[in-house]
Amino acid sequence: MDVLKYTGTIVRFMLGGHMKKFIITYIRNNKKQTLRYVMTSLVIAISLIFISYYIISMIYDKHSDKEKVEDLISNQIAEEAPLDEAEYPNGKQQDPDDKLITPAIEEDVIQTEKEEVVPPEDMDPQMEPKDPQVQGNTGVELDVTDLDRPVKEEEAISYGIDVAKWQGIIDWKKVKESGIDFAMIRVGYRTLDKGEIVEDPYAKYNLQEAVKNDILIGVYFFSTAINEKEAREEAAWVADFIAPYPITYPVAYNCEGFTDPNNRQYGMSKDERTDLAIEFLDYIKEEGYNPMFYAAKSELEQNAMWNTDRLSQKYKIWVAQYPELFDTETAKSSYSGKHAMWQYTSKGNVPGIGRSVDLNIAYFKYKKPAKAKKDTPQETVTADPAALIDFEKVDEIVTAKIETNLRSVPSTKDPDTVVAVLKNGDTAKRTGIGNNGWSRLEYRGQIVYAVTSYLTTNLEAASPTPTPQEQKGNYKKVNEKVTAKDKTNLRSEPSTKSEDTIVEVLHYGDIAIRTGIGDNGWSRVEYKGQTLYAVSSYLTTDLNYQENSKPTIDNPEAGVKFKDVNEQVTAKEFTNLRLVPSSEDENTIAAVLYHGDIAIRTGIGENGWSRLEYNGQILYAVTNYLVVVE
């Protein structure tokens with residue numbers, strides 16, 4: 001009670017006139033000291049105002065930046081990462097679906113628990129380790145004959161393709177009949193290993209046949225130049241190579257993969273690489289051609305990976321951007337910058353081309369071909385069916401383990417290519433062993449090809465006689481739907497002894513009914529009204545097998561191989577850090593890495609993502625948005 005009474009007295013004193021009289025009296029008696037107190041208080045008050053303003057601004061800016069990251073990077077990462085939106089050019093960035101299959105070594109005894117593969121000829125062409133370009137298989141699957149052409153002939157739009165060795169031997173007459181106006185043809189590239197300039201094995205054939213069938217042509221070169229001398233050397237090589245041909249459409253500079261530690265250009269800045277592109281394109285212009293620069297949308301926008309402002313002021317831009325849906329009537333790239341040509345898918349279907357091909361729209365057209373720069377006659381060439389095969393030279397006599405077809409081309413797709421049958425005891429001279437499972441032979445004065453695994457240098461080897469157990473096996477009865485994990489042969493008997501037993505190829509998504517699982521490593525299936533056999537390890541009852549192999553939060557690295565590294569990295573500007581190496585789900589964003597922030601990179605994935613350690617978490621970021629801290 002005394003405390004409350006005392007407190008009330010003080011309050012009444014402060015609220016009454018006593019306090020006022022006290023303050024006035026104090027000021028009169030202590031003028032100098034009062035002035036110092038007032039000035040100090042003002043300084044403190046002003047300082048507090050500025051500090052508060054700065055803190056509020058920082059909070060607002062950080063929030064604003066993060067919103068920009070959500071708005072920009074959530075889109076850009078999808079465009080940059082091959083796994084997510086698979087936007088990359090020409091497929092040119094490696095895609096998980098671009099895995100190369102090589103033929104299994106088939107033994108003289110029945111194959112058990114060994115994985116059989118599709119015959120070598122049915123595979124995509126092998127990518128040479130020295131070739132820096134990778135053929136992709138992304139974008140909307142689209143038949144070029146489904147495209148709606150503008151009604152007005154005067155509208156300056158033309159429709160084309162770009163091709164390289166991956167498209168194999170092209171029937172250019174059929175391509176012309178499909179409505180294609182122009183073709184951008186790869187003429188060459190600089191190798192990754194020795195930095196040598198190499199001609200595309202089908203370049204001359206493609207140029208020759210496209211011109212013969214009244215298709216207007218342009219070209220591109222894939223560069224890995226690391227200095228201006230090399231860039232100019234590439235341009236001079238291209239100009240000399242194309243001089244005898246009527247090059248009407250542009251001559252393009254293509255350069256990718258520079259974020260790969262194995263690439264010759266790894267570690268170069270965007271300005272350094274831009275300088276090399278300009279060196280190349282300026283030379284091309286001096287030679288009288290129309291220069292053009294090719295890159296993906298995500299590399300071009302906001303000068304992300306190239307100095308786009310400099311390049312677009314001087315040259316035509318050819319942008320690669322693959323939409324999820326393609327409306328043939330209102331098709332338009334989402335790239336905001338000025339561009340003259342748009343590559344909108346690498347999964348185009350064009351009559352005359354047996355594999356998928358890149359489709360393009362040019363926002364310009366020509367009515368007639370240009371004149372060649374030189375009057376020198378073009379070299380007349382034929383397409384070599386084995387041009388894509390790297391043969392190791394040998395000189396040896398072989399025979400068939402049992403018997404095998406000898407073909408005019410290294411492919412079983414066409415039965416008319418069989419020119420002879422080599423039986424056990426017959427001999428042929430082998431001159432080359434290919435990296436795709438085929439051998440090159442000389443037989444009765446002809447160059448022919450046979451599957452390597454069906455041949456032997458042991459001329460005394462007798463053709464084995466399979467036992468009933470090997471031939472039939474013991475099968476456990478089942479009744480279940482299966483599909484291929486990727487693709488596998490279906491054979492008339494459970495043996496890989498002869499390629500002639502191949503009846504069908506089961507692809508992922510195709511459904512067969514499995515009626516038996518053998519103890520010999522084979523499954524018995526019913527497919528298209530036939531009883532056939534497939535290697536069990538290549539089949540799965542999970543009809544969503546590939547979808548279920550995609551990264552998840554519980555298993556973020558499912559289906560992705562990472563190369564182990566240990567290095568400090570930061571963002572080139574800023575980038576999202578995610579719980580999985582995919583931008584499909586916005587909810588996987590765990591943090592934002594800004595330039596200057598340090599993370600430890602522990603792995604570089606084959607899908608365009610990096611694995612990082614950041615703030616005690618394992619997170620993932622698009623490799624192209626990171627830079628190593630020296």
Side-chain angles (χ1 to χ4, degrees), residues 90 125 135 142-150 153 155-188 199-221 238 241-252 289-290 292 318 328 341-385 387-388 409 411 413-414 416:
N90 220 10
Q135 173 65 13
L142 186 65
D143 194 314
V144 73
T145 57
D146 293 336
L147 290 175
D148 292 322
R149 304 301 179 94
E153 281 294 324
E155 192 168 352
I157 293 179
S158 52
Y159 297 83
I161 56 177
D162 60 270
V163 298
K165 66 183 182 182
W166 295 284
Q167 279 65 50
I169 301 174
I170 296 173
D171 185 337
W172 285 95
K173 184 176 184 294
K174 291 183 178 178
V175 173
K176 176 63 177 178
E177 292 170 350
S178 72
I180 290 297
D181 300 315
F182 71 91
M184 297 294 294
I185 297 168
R186 185 176 82 154
V187 292
E199 174 187 336
D200 186 286
Y202 288 142
K204 289 178 181 176
Y205 177 80
N206 286 333
L207 291 167
Q208 167 188 289
E209 296 301 307
V211 170
K212 188 183 295 184
N213 287 279
D214 298 323
I215 294 175
L216 301 181
I217 54 173
V219 301
Y220 74 93
F221 181 87
V238 171
F241 186 89
I242 64 178
Y245 300 94
I247 305 300
T248 309
Y249 273 70
V251 176
Y289 297 103
N290 189 2
M292 183 165 66
W318 179 11
T328 58
M341 191 180 292
W342 173 31
Q343 182 188 90
Y344 54 91
T345 184
S346 68
K347 294 178 72 174
N349 298 317
V350 176
I353 303 179
R355 298 183 176 91
S356 60
V357 63
D358 302 329
L359 300 182
N360 299 274
I361 293 176
Y363 300 106
F364 54 92
K365 65 190 303 185
Y366 302 96
K367 292 184 178 179
K368 60 181 182 179
K371 292 184 178 180
K373 302 300 180 186
K374 290 185 180 179
D375 295 330
T376 53
Q378 302 171 14
E379 178 187 354
T380 301
V381 297
T382 56
D384 180 3
L388 303 182
V409 297
S411 169
K413 288 184 177 179
D414 185 354
D416 294 334

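In this text, all values refer to a predicted model and were calculated from it rather than measured experimentally. In this chain, numbering begins with 1 at the start of the sequence shown.
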*Just wondering, do I169 and Y205 contact through their side chains at under 4.5 Å, heavy atoms?*
yes

*Verify the distance criterion only: is there a donor paired with an acceptor across the side chains of W318 and N360 at less than 3.5 Å?*
yes

_Q167 versus I353, closest heavy-atom pair with distance_ = CG-CG2, 3.8 Å

Exercise answer: donor-acceptor pairs, residues 375-384 side-chain atoms, under 3.5 Å, sequence neighbours excluded:
| unit_1 | atom_1 | unit_2 | atom_2 | d |
| --- | --- | --- | --- | --- |
| Q378 | NE2 | P244 | O | 3.4 |
| E379 | OE1 | K204 | NZ | 2.8 |
| D384 | OD1 | A386 | N | 3.0 |

*Is there side-chain contact between K365 and D181, with at least one heavy-atom pair below 4.5 Å?*
no

_With a 4.5 Å cut-off on side-chain heavy atoms, are V144 and I161 touching?_
no

*Is the closest side-chain heavy-atom distance between W172 and N206 below 4.5 Å?*
yes

_Short side-chain to backbone donor-acceptor contact, N213 and I215, under 3.5 Å_ = no

*Are any of the side-chain heavy atoms of M292 and M184 separated by less than 4.5 Å?*
yes

*Does E199 reach the main-chain N or O of V187 with its side chain, forming a donor-acceptor pair under 3.5 Å?*
no

*asked:* Using every non-hydrogen atom in the two residues, find where S178 and P351 come nearest and quote the distance to one decimal.
replied: CB-CD, 3.7 Å

*asked:* Please find the pair of heavy atoms, one from D200 and one from A164, that lie closest to each other, and give the distance.
replied: OD2-CB, 3.6 Å

*When rounded to the nearest 0.5 angstrom, what is the spacing between CG in N290 and CD1 in I247?*
12.0 Å

*asked:* Restricting to non-hydrogen atoms, name the atom on A372 and the atom on A243 that form the minimum distance, rounded to 0.1 Å.
replied: CB-O, 3.4 Å

*Take atom NZ of K373 as the centre, draw a 6.0 Å sphere, and report whether it contains more than 12 heavy atoms from other residues, nucleotides or ligands.*
yes

_Heavy-atom side-chain proximity of V219 to Y245 below 4.5 angstrom_ = no

*Give the C-alpha distance, both sets of side-chain angles, the deciding distance and a yes or no for side chain to side chain contact (heavy atoms under 4.5 Å, CB included) between K212 and K173.*
CA-CA 9 Å; K212 188 183 295 184; K173 184 176 184 294; over 6 Å; no

*Spacing of I185 atom CD1 and F221 atom CZ [to the nearest 0.5 Å]*: 15.5 Å

*May I ask you to decide whether E177 forms a salt bridge with K174, counting only side-chain N to carboxylate O separations under 4.0 Å?*
no

*Rounded to the nearest 0.5 Å, how far apart are CD1 of I242 and NZ of K374?*
11.0 Å

_So which atom in P246 and which in A370 form the shortest heavy-atom distance, rounded to 0.1 Å?_
CB-O, 3.0 Å

*What distance separates D214 CG from I180 CD1, expressed to the nearest 0.5 Å?*
14.5 Å

*If you look at every heavy atom in Y366 and L216, which pair is closest and at what distance?*
O-CD1, 3.5 Å

*Is there a side-chain contact between M341 and F364, using heavy atoms and a 4.5 Å cut-off?*
yes

*Please step through side chain to side chain contact (heavy atoms under 4.5 Å, CB included) for the pair E209 and Y202, ending with a clear verdict.*
CA-CA 10 Å; E209 296 301 307; Y202 288 142; over 6 Å; no

*So do F182 and I217 actually touch side chain to side chain, heavy atoms under 4.5 Å?*
no

